[in-house]
Amino acid sequence: MLKRTHRIHELNNSLIGKEVIVNGWVDRIRNLGGIIFVWVRDRYGIVQVLFEPESPTYEIAKKLSAEYVVGVKGILRERPREAKNADLASGDLEILATDLEILAESKTPPIYINREEGNEDIRLKYRYLDLRRKSLQSNLIFRHKLMQKTREYFNSLDFVEIETPYLMKSTPEGARNFIVPSRIKKGTFYALPQSPQIFKQLLMIAGFDRYYQIARCFRDEDLRADRQPEFTQIDVEMSFVDQEDVQKVIGDLVKYLFKETLGIDIGNVPSMKYSDAMELYGSDKPDLRFGMEMKNLTDQIFVRNLGFLKPSEEEEVKMIVVPPNEVLSRKELDGYAESAKSFNLRLGWAKFSDGKFTGSIGKLLTNTDLGVKAGESVLICTGQQNNLNSFLGKVRIDIANKIKIIPDRTFKVLWINEFPMFEWNEEEKRFQAQHHPFTMPYLEDLANEDLSKIRAHSYDLVINGWEMGSGSVRIHTRSLQEKIFKLIGISEEEAKRRFGFFLEAFEYGAPPHAGFAIGVDRLVSIMVGAPSLREVIAFPKTTSGTDLMMDTPSEVTEEQLKELGIRLEGNS
RNA sequence: GGGGACGUGGUGCAGCCUGGUUAGCAUGCCGGUCUGUCACACCGGUGGUCGCGAGUUCGAGCCUCGUCGUCCCCGCCA
């Protein structure tokens, strides 16, 4: 075998005149009749190889086709001045072939390796070919670098990386678990972890003090562009710390990662209260790359005269101001008013130009009340607070996308603090933990009769409108943990049955602790500008949770089922 | 669970609204000409169960219904 002497990026001017061997895949062939140019590609780059008719390799070279694997021996030389290619890193050089070995042939590939096109189902079916593409390779290499920098960062702060089990116990609340049947104890099941939450808390109780892990997590829920059934988290837990300490460590990590991988200084990460985020942006993950914050007009006198927009006692009135643009048509603005109705909201709009307002509520407005600039439009919406916030929050983002005011390659990172401890589950008619039931509530709020008013020491990291991770201060006493279980309707017996070991652990000296977890897939996606998580995962699943390459999930044999003591319903 | 978009030679798309003769374009692939190309060029050729099933019709890639798959969204995802 012609074994390589150099990887392609290592070829440079100092090697001109020397004999080199490269290994790689045939990327492109240009056969000019008398002379054949072949681009050979490896992980590091592309180099042009030249086959001349006089060479004994010429006849072999004629057999080459796309994606053949080759070893090429030849003399590295400078290209003639007029034949240099500035688009190629090795464009000043070429290899004059003296020997060629075909290491593997290839069928005509079903996707083009060197073009950014192709339907995703075919790309996923032939993922090993898709992964030959530059964009995917650089995404995965970026991801590798980010994980290495993460380890470097935590190691330097005396964190210990500890693995936790993938076969564990089903947890209450939250996402559906993937279930794994036990063969040895028929009729019983493991669950794959939604996160290593309980284990990392136990590690704190064990005294490890500072733990991290780059951990796989599993959630059996419906998928989206930003959700895979298995995903990776940078999981962190610390003892003898408060919220600020954790945010400092994580904030510095994110800052370090941006600096080390992209060379971007994101500055220190600012904080915002959950209630402010909802009030200003209608979202607990606000995108701060652009303005258009919501303005609350409820207490302004003039809204009493806004006709159908006049608020009732329990309603609010909010406005967003849209910068001058040529994009938003009357029809589109009317469209927002129309969709507002389906959320039990009332919306009117007007554009300010030539000193007056035009539009659905133009006649009702004066600029002494609003103070907008020429060319700006306003959308004013009235209704029940929660609906109003989430609706206008979505409209804000929708409009910003349409009028293209969201800057590219900009990263706005922030903390959202003081989340509500509980949220109402309408289906089950009970409160449940908004973060998870191990979260420390604000103790001064606990006396509150209205559970929705109790704040939690939980916090999210948000980048550009994406939830990038979340964490909390944890409960570390049995009595408080039991109290929280009770509040969310987990009975004492159930708590004991499912978490007895955990509650017991609190009785043997549990230190105050807090932690966080960052979604690696999302972080990498946003940093490389990938439109979907599938672009930063080597072997992702489709939105229906299947792997098109392996064709799984798939059936198992009768024998396998029998061993597990499982019988399928129906005739399958 | 619900809504929407898409499914046509190996690949990417057009054709569907308004049903009618050999399903078109690009690229790939095969053959030929060509000694400085770089998405080489030029000439010739090859390649299609129009996702699958049913229905309407004299006739379906096109209309209808169902079904499967991919993608996006809502629910869901502590």
Side-chain angles (χ1 to χ4, degrees), chain A residues 27-39 46-55 58 62 65-67 77 79-88 90-92 94 96 106-126 129 171-177 193-195 197-198 217-229 231 339 342-343 390 394 398 419-423 425-428 431-439 456 458 460 467 470-472 484 488 490 517 519 531-532 534 540-546 548 551:
Chain A
D27 193 78
R28 272 201 180 93
I29 302 169
R30 290 177 292 278
N31 186 339
L32 272 59
I35 185 174
I36 303 174
F37 295 104
V38 175
W39 273 4
I46 286 174
V47 69
Q48 175 164 283
V49 179
L50 176 58
F51 295 91
E52 292 188 319
E54 305 78 46
S55 161
Y58 185 75
K62 280 212 276 196
S65 186
E67 300 307 312
R77 67 180 199 187
R79 293 195 195 184
R81 192 180 309 121
E82 65 284 357
K84 290 184 177 177
N85 184 348
D87 297 333
L88 216 58
S90 68
D92 288 356
E94 65 189 359
L96 178 61
S106 169
K107 298 208 286 188
T108 301
I111 59 173
Y112 296 97
I113 309 302
N114 38 36
R115 280 186 216 176
E116 290 297 324
E117 68 173 36
N119 279 326
E120 231 181 326
D121 42 359
I122 289 174
R123 293 179 48 199
L124 288 172
K125 183 172 177 191
Y126 297 94
L129 296 180
T171 50
E173 303 268 294
R176 198 176 290 119
N177 287 109
Q194 299 168 28
S195 80
Q197 184 62 35
I198 288 179
C217 306
F218 306 87
R219 293 177 191 179
D220 187 7
E221 295 292 345
D222 286 356
L223 307 173
R224 292 280 193 286
D226 61 349
R227 268 191 242 159
Q228 282 275 312
F231 59 97
S339 52
S342 59
F343 294 94
S390 68
K394 281 179 193 135
D398 197 54
F419 275 81
M421 180 75 192
F422 302 106
E423 67 187 352
N425 184 323
E426 184 57 38
E427 231 166 83
E428 299 179 23
F431 277 96
Q432 61 186 35
Q434 198 197 13
H435 182 57
H436 57 56
F438 315 116
T439 302
S458 71
D460 279 4
E467 182 193 324
S470 60
S472 62
I484 297 300
I488 57 177
I490 297 181
S532 138
R534 294 184 295 276
K541 304 220 171 15
T542 67
T543 43
S544 49
T546 63
L548 294 178
D551 186 26

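Just so it is clear: chains get the letters A, B, ... in the order the sequence lines come, proteins before strands, and each one is counted from 1. Only this structure's heavy atoms are used, side chains among them; waters, hydrogens and symmetry mates stay out. Source: prediction; values computed, not measured.
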Answer with base, sugar-phosphate or nothing: what part of the nucleic acid does [X] contact at a heavy-atom distance below 4.0 Å?
X	result
A:R81	nothing
A:Q228	nothing
A:L548	sugar-phosphate
A:S544	sugar-phosphate
A:S195	base

Watson-Crick or G-U counterpart of [N], or none if no pair lies under 3.5 Å:
N	answer
B:rA26	B:rU11
B:rU56	none
B:rC6	B:rG69

Euclidean distance for [atom1], [N] against [M] (whole angstrom):
N	M	atom1	answer
B:rC30	B:rU37	P	24 Å
B:rA39	B:rG66	C1'	44 Å
B:rC42	B:rA23	C1'	28 Å
B:rG53	B:rC72	C1'	27 Å

Assign a letter to each nucleotide of nucleotides 9-16 of chain B from its 5' end: B, base within under 4.0 Å of a protein heavy atom; S, sugar-phosphate only; -, no contact. -BBSS---

For every nucleotide of nucleotides 37-44 of chain B, 5' to 3': is a protein heavy atom under 4.0 Å from its base (B), only from its sugar-phosphate (S), or from neither (-)? BBBB----

Tell me whether the OP1 or OP2 atom of B:rC71 has a side-chain N or O from A:T543 closer than 4.0 Å. yes

Test A:R534 against A:E120 for salt bridge (charged side-chain N to carboxylate O under 4.0 Å, His left out), laying out the working first. CA-CA 10 Å; A:R534 294 184 295 276; A:E120 231 181 326; 2.5 Å; yes

Those residues at least two apart in sequence (or on a different chain) that pass side chain to side chain contact (heavy atoms under 4.5 Å, CB included) with A:S65 are A:Y68

Could you pull out the protein-nucleic contacts involving nucleotides 1-4 of chain B (nitrogen or oxygen on both sides, under 3.5 Å)?
residue: B:rG1; atom: O6; partner: A:D222; partner atom: OD2; Å: 3.3

If I take atom CZ from residue A:F37 and atom CG from residue A:N31, how far apart are they, to the nearest 0.5 angstrom? 10.5 Å

Is A:Y126 atom OH crowded by more than 12 heavy atoms from other residues, nucleotides or ligands, each under 6.0 Å away? no

Residues which pass side-chain hydrogen bond (donor to acceptor under 3.5 Å, both in side chains) with A:N114, listed by chain and number, not counting sequence neighbours: A:D27

Residues which pass ring-ring contact (aromatic ring centres under 6.0 Å, His included) with A:F51, listed by chain and number, not counting sequence neighbours: none

Which residue lies more 5' along RNA chain B, comparing A:K541 with A:Q197 via nearest heavy atoms: A:K541

Interatomic distance, A:E221 CD vs B:rC77 P [rounded to whole Å]: 6 Å

